[in-house]
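Please read all numbers here as calculations on a predicted model, not as lab measurements. Side chains included, hydrogens not; waters and symmetry mates left out as well; all remaining heavy atoms used. In what follows, chains are A, B, ... by sequence order, proteins preceding strands, each numbered from 1.
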Amino acid sequence: MITKGRQVIQHWYKQKNWQQFAFQQEMEAAYLGGYSGLLNAPTGSGKTFALFLPFLVDFINKHPDTYTTQKNNGLLMLWITPLRALTNDIRKAMQEACDEMGLPWHIATRTGDTSAAEKAALKRKLPEVLLTTPESLHLMLAQKEYPKLFNNLQVVVIDEWHELLGTKRGVQVELGLSKLKALSPKSEVFNQVPEKDSGLMTQNLRLKIWGISATIGNLEQAAEVLLGNNFPADQIRMVRANLEKKLDIQSIIPGNVENYSWAGHIGLKLLPQVMEIVAKSKTTLIFTNTRSQSEIWYHAILDNYPEYAGIMAMHHGSLDNELRNWVEQALHAEALKLVVCTSSLDLGVDFRPVDCVIQVGSPKGVARFMQRAGRSGHHPGAVSRAYFVPTHSLELLEGAALKAAIKRGIFESRDPMLLTMDVLIQYMVTLAVSDGFRADELFNEVKGTYAFADLTRNEFGQLLEFITTGGKTLAQYDEFLKVEIENGLYKVNSRRVAMRHRLSIGTITSELSIRVKWLSGGSLGTIEESFVSKLKPGNTFWFAGRSLEFIRVKEMTAFVKKSNSTKGLIPSWNGGRMPLSSQLAAVFRDKLDEVAHGIEKDVEVLALKPLFKLQQELSHLPQSHEFLIESFKSREGHHLLFYPFEGRLVHEGMASLLAFRISKIRNASFSIAMNDYGFELLTDEDVPIEDVLEDAGFFSIDNLIDDIQHSLNANEMARRRFRDIAHIGGLVFTGYPGQQVKNKHLQASTSLLFEVFTEYEPDNLLVRQAYNEALAFQLEEFRLRAALQRIATQTIILKTIERPTPFAFPIMVDSLGREKLTTETMEERIAKMARRYGAEGVGEVDETRKNRKPGITRKKGF
DNA sequence: GACCTGCTGCGGCATG
């Protein structure tokens, strides 16, 4: 028999003239069956309705006669997204559906954009559906009597779970869910875990938890993390959309690879080819890897293709929100033909008009490239078109690797974070701020999460002590005594502490930046202090796609006016440095192995043939069982080049490690340079590399941690990590909104705390976390270990070379920028380098490098 | 306080 709910939905589908996909039906069955789990579906696949509609069917089935009149049902569905903008879009879609079906419901959002009045209204009258962010959920948990809000809660949805998984925001979500589970009726089932598929379903578990995730390498684990390790295994389902998305990927191949840049990261040489594609497409997104790169590209297009003025825009994270919103709307309205952007457009609203995506430079990962490619061709059945633009010759092989990886269905995993004590401390204080908590209860709830499954009672005790007394070290400072214990209830009584805590909920930390404003008012975005300090009044710089004259800085604001000059500096920002993912790196090595075996089925490989031929002549093309080391002498000293093809972070760690191990045999100091493919050790000493290689321990993983601690400034890395940890854990207060505490002070205070802890309480959990994070994320220890183990099985090919090879050249050029101060421009120096080594084959280096000033001394290994 | 190519994301008071 067809239920009332199904009937209503079917009718609605018909009116909409929509078809229901198989996975949507599967999702509905799982939902109505009372399951929780993970929906694996890409954006633009109707995933929102795949979850929302079953929820409506369920409700209508339960209230078949009153669903059109019944109001004030309390909060039934909580929908969490990582992006504020998404909450608004989804709200609109849901509200429209409810209106059309005659449900008199209120769908609301609650984010940082919600006004105080609206927030108060939400408390008085709960909406049926609330869309919010992880941070706002925790702010709700910091309110008095918060459990009342969730009295009627039926389901929590975590949208874009893959984006949160692997971050501290993800851990925050886990903790939030653990509380919602504990509040839900029959929550005791969470402590009795039946066998999976035992056939005995734990009945009446009312709260359902569903995650929505794009495809990642560890979907099963993603579901485990989401639901926690105390979730009844018989109530978990995985629903996969399996929508065949047609993807058309092409690499843009430079006309003459031999003359294409051997090094560089900007890629402007291919501008004409790129613009040909743009001209042929309706709407194009050009993705660049850095904010300054998008400014550079935008500027170059305006210079060379002035006809794009007015139909082209830019989008990146340092531009003002107003500007970005305008761009997004204009994209929707088909008013733009081209947008140059960074990953700020990776996620978010669907831009239907977009029919072409161009990726400039390595996307560094398969999943990221897929995500971006998917921004084009959103119509059902449409083909997503994506182009890859290499910024230097060897990068072209990444194009072949990307295609192969996608064909093989390889995706990166998102590794969940474990035992992040800073996030737990923040959560504990959050609960203490509202209704307070009892230690044993909370310990059990928290143990149910994936992140804190291994938390010991002793560690938990240390955290309790920390928030009540400041712990061993800080006990004498009042400001760390936040939480009081009253009859076993941990509670914050001070209004000041409570207020300050609410102000600092969240796990995202960022540097203080300088706002760019017109003299006449109106803000453009933000730039960094270090860039502003280079400017003198009257200087011109390019930002937000405009030529600006710098007037002055006042109170963290740089005032500017319009400039007519077409030349000017382009700001750079200090963003994160992403290494090539290990999955993409592995396929890249496969491709290289094919090359070494003379397999030339890829257009990219075919185009690169002359380059590889030269590599073979000058040195060697390593097969997968070989590890290439090149050595040569120059006026600069002795160069050793290693090629693990394992991403720059691993190379940085391995370079320091090997330098340290060499120095144990022979006293020498090294300069280090690296890119995603390999690294260079440069020294004045004549290192007997053959002897060093004979030493079995050279690539060994024995004493790895110890050697790393000696070779790298591990303390410094941990100290920097500790800054964020101290912020999140609430050890420092970053100031009231609009009057941030100066960075210098914060640095000084976190640095001081780090030292105090290290000295008096070396086993402090937060300090330990800082070291662990440095090891895991800065050094990618796990990957480094795997790489060393791989190398240990490979045959080492040591080649003495006369001049830099195609493999070596990009690494050496990267190191140029770090060399001693000279008056030569980058262009002159590269030309000189090419001449010096008689590298006729060496193509020109990227245009934009010409203007870069040489600066700063070369980085010392240790 | 280092970065030299270097991303993204959120949140926020005081008061009788």
Side-chain angles (χ1 to χ4, degrees), chain A residues 81-87 110-114 116 119 132-139 142 160 163-164 167-170 172 263-267 287-294 296 315-318 341-348 360-365 368 371 391-392 495-496 498-511 528-531 534 570 572-579 648 673 675-676 713 716-717 719-720 723 733-740 743-744 746-748 751 813-819 826 846 848-849 852-859:
Chain A
T81 81
L83 242 60
R84 275 189 304 237
L86 284 175
T87 62
R110 196 244 184 252
T111 68
D113 297 333
T114 313
K119 281 178 201 158
T132 187
T133 59
E135 288 78 7
S136 283
L137 171 63
H138 278 252
L139 281 161
E160 312 276 0
E163 281 294 324
L164 295 164
T167 70
K168 290 187 182 178
R169 297 183 82 196
Q172 213 172 15
H265 304 277
I266 304 295
F287 280 101
T288 62
N289 283 339
T290 72
R291 285 165 277 186
S292 72
Q293 194 178 10
S294 65
I296 291 166
H315 198 283
H316 64 68
S318 289
C341 60
T342 62
S343 36
S344 57
L345 279 188
D346 268 0
L347 219 64
V360 180
S362 167
K364 311 271 181 184
R368 183 174 301 105
Q371 170 90 18
T391 56
H392 61 263
R495 291 178 67 101
R496 187 180 124 97
M499 183 191 78
R500 284 183 163 217
H501 181 74
R502 285 201 197 93
L503 280 173
S504 47
I505 282 181
T507 60
I508 298 172
T509 55
S510 47
E511 302 278 312
E528 290 190 358
E529 212 170 3
S530 55
F531 177 73
K534 276 187 262 179
I570 289 181
S572 64
W573 289 262
N574 247 327
R577 272 169 287 158
M578 271 171 322
R648 58 169 298 128
N675 66 10
D676 274 323
N713 203 342
E716 200 42 50
M717 284 178 152
R719 181 193 302 268
R720 220 162 298 147
R723 267 172 54 188
F733 181 61
T734 47
Y736 292 98
Q739 27 179 320
Q740 258 83 18
N743 259 15
K744 266 186 205 152
L746 285 179
Q747 249 159 37
S751 193
V813 167
D814 272 1
S815 77
L816 275 185
R818 270 165 254 151
E819 258 184 291
M826 183 61 86
D846 224 303
T848 48
R849 294 198 149 240
R852 236 179 56 189
K853 291 225 177 71
I856 327 288
T857 340
R858 209 174 220 255
K859 184 169 169 183

message: Need to verify one output field. Residue with the more 5' nearest nucleotide on DNA chain B, A:Trp573 or A:Thr507?
response: A:Trp573
Contact nearer the 5' end of DNA chain B, comparing A:Ser344 with A:Arg502: A:Ser344
Is the shortest side-chain N/O distance from [X] to OP1 or OP2 of [N] below 4.0 Å?
X	N	value
A:Thr133	B:dG9	no
A:Ser572	B:dC3	no
A:Thr342	B:dT8	yes
A:Arg110	B:dG12	yes
A:Arg723	B:dG1	no
A:Arg495	B:dT15	yes
A:Arg84	B:dC10	yes

What interatomic distance, in whole Å, is found between [atom1] of [M] and the corresponding atom of [N]?
N	M	atom1	result
B:dT8	B:dG12	P	22 Å
B:dC3	B:dC7	P	15 Å
B:dG6	B:dA2	C1'	14 Å

field: In B:dC10, glycosidic geometry as syn within 90° of 0 or anti otherwise
entry: anti
task: First locate atom CD of A:Gln172, then atom CG of A:Leu164, and finally report the distance between them rounded to the nearest 0.5 Å.
output: 9.5 Å
- line: One should read off an interatomic distance between A:Glu163 CD and A:Leu347 CG, to the nearest 0.5 angstrom, of 4.5 Å
message: Please determine whether any donor N or O and acceptor N or O are separated by less than 3.5 Å between the side chain of A:Arg648 and the base of B:dG6.
response: yes
No-H, no-angle donor-acceptor pair, A:Ser343 side chain to B:dC7 base, under 3.5 Å: yes
Over all strands shown, is [X] touching base, sugar-phosphate only, or nothing at heavy-atom distances under 4.0 angstrom?
X	result
A:His316	sugar-phosphate
A:Arg368	nothing
A:Gly317	sugar-phosphate
A:Arg500	nothing
A:Asn574	base
A:Leu83	sugar-phosphate
A:Lys534	nothing
A:Leu164	nothing
A:Thr167	nothing
A:Met499	sugar-phosphate
A:Ser504	nothing

Let me know the distance between [atom1] of [X] and [atom2] of [N], rounded to the nearest Å.
X	N	atom1	atom2	value
A:Ile296	B:dC7	CD1	P	12 Å
A:Asn675	B:dT5	CG	P	11 Å
A:Arg291	B:dG9	CZ	P	10 Å
A:Asp676	B:dT5	CG	C1'	11 Å
A:Asp113	B:dC10	CG	C1'	10 Å

- prompt: Any chance the side chains of A:Arg291 and A:Ser318 put a donor and an acceptor closer than 3.5 Å?
  reply: yes
message: Do A:Ser344 and A:His316 pair up side chain to side chain, a donor and an acceptor below 3.5 Å, judged on atom types alone?
response: no
Backbone of A:Leu86 reached by a side-chain donor or acceptor of A:Thr81 within 3.5 Å: no
A:Arg368 (side chain) donor-acceptor with A:Pro363 (main chain) under 3.5 angstrom: yes
To the side chain of [X], which of [options] is closest?
X	options	value
A:Arg720	B:dT5, B:dA2, B:dC10	B:dA2
A:Ile508	B:dG1, B:dC10, B:dC4	B:dC10
A:Ser136	B:dT5, B:dG11, B:dG12	B:dG11
A:Arg169	B:dC7, B:dG9, B:dG1	B:dG9

message: Between A:Arg169 and A:Glu135, does any side-chain N to carboxylate O distance fall below 4.0 Å?
response: yes
- prompt: Taking NZ, NE, NH1 and NH2 as the nitrogens, is one of them in A:Lys534 or A:Glu529 under 4.0 Å from a carboxylate oxygen of the other?
  reply: no
